[in-house]
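Data first, discussion second: the structure below is written as structure tokens.
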Amino acid sequence: MGLFSFKKKKPPVIGLTLSGGGMRGIAHIAVLKALEEYNLKPHIISGTSAGSIVGAFYSFGKSPDEMMDIVRNTTFFSRSYLKLSKNGIFSSNFILKLFNDHFPENDFKILKIPVYVTATEMTHGIVDFFSEGELFSPLLASSSVPFILPPVRIGEKIYVDGGVLDNLPIEPIINKCDFLIASHVNSISYDELKKMSLMKEFDRILHLAIAKSVYSKVKSCDIFLDPPKMTKFSLFSKKNLDAMFQEVYDYTCEELEEKGYIKGSQNESLL
């Protein structure tokens, strides 16, 4: 060796936070596809509700294309799962079936990328983050939209959807990454307010209530992806699935290009 030795610069750790959003969470798959193409694959993920499920599937090793195939071949919120109990309109069995069909084991250790799953603890009104041990219950708890799906008991605690208190859970990973990307899929459309269904009204009230806490975190993110007018897509239906995917994919690519990222390039100098 000469007088000087040079250490190779470590590549930055990229963190990705995925919001909740019901069936709109499928849009996160479009974001992941774009990020891969711009060589911005995450090394650590946090998510709530649908975002936590997408994050878990991606961390397990499912590609965006494989995840879209799973979505197309899976039945969500169908009449066969209607429950109409005091704890929720639907049974959670379709979500558990999704996990059992595609995950070999009910344990965080099967995931190849660290994932933090967000759920709202009902008794004390706090947010808990899960990253080890049993996988299915935290994912189910994180996705249990109040009145739609029943709460989930984990140990002595009762949990509902993480988005109730934290629909953009950057907290568990912000100090574990060098570069933070957040994907939010619930921007409100102010068009066509007439003739709102009960579900549309529920969707709107929910996201109006939590929007302020979400947007307060934008400054903490290096990239904040917020495709416009997302509430025009359903919270509970796969209708317009492909149109939503393409719209969000195009939006993400445009946002990355505007920030100077180049498809197929390493882009490390911009991180």
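Residues L165 and L18 do not share a hydrophobic cluster, clusters being chains of Ile/Leu/Val/Met/Phe/Trp/Tyr side chains in contact below 4.5 Å. Residues L32 and I223 fall within the same hydrophobic cluster, defined by Ile, Leu, Val, Met, Phe, Trp and Tyr side chains chained together at heavy-atom separations under 4.5 Å. A chain of hydrophobic side-chain contacts below 4.5 Å, direct or via other Ile, Leu, Val, Met, Phe, Trp or Tyr residues, connects V115 to L35. I95 and F108 fall within a single hydrophobic cluster, where Ile, Leu, Val, Met, Phe, Trp and Tyr are joined by side-chain heavy atoms under 4.5 Å apart, directly or via other members. In terms of hydrophobic clustering, with Ile, Leu, Val, Met, Phe, Trp and Tyr side chains grouped at heavy-atom distances under 4.5 Å, I26 and F236 are assigned to a common cluster.
Side chains of Y261 and E255: no donor on one and acceptor on the other come within 3.5 Å.
In this view, Y116 satisfies the side chain to side chain donor-acceptor pair (under 3.5 Å) rule with no residue, not counting sequence neighbours.
Checking each of K229, K232, R24 against E247 for a salt bridge (charged side-chain N to carboxylate O under 4.0 Å, His left out) leaves exactly one that passes, namely K232.
Residue pairs that meet the side-chain hydrogen bond (donor to acceptor under 3.5 Å, both in side chains) test with at least one member in residues 165-175, sequence neighbours left out, are D166-K217, E171-K217.
Relative orientation of the F103 and F57 rings is tilted, given thresholds of 30° and 60° on the angle between their planes.
Atoms NZ and OG, from K176 and S46 in turn, are 10.0 Å apart once rounded to the nearest 0.5 Å.
Salt bridge annotation for E37-K263: present, with a cationic side-chain nitrogen under 4.0 angstrom from a carboxylate oxygen.
Atom CD of E66 is surrounded by more than 12 heavy atoms from other residues, nucleotides or ligands within 6.0 Å. With a 6.0 Å radius and a threshold of 12 heavy atoms from other residues, nucleotides or ligands, M68 has its CE atom above the threshold.
Between F99 and F60, the ring center distance fails the sub-6.0 Å criterion.
Annotation: side chain of F129 is not in contact with side chain of P138 (no heavy-atom distance under 4.5 Å).
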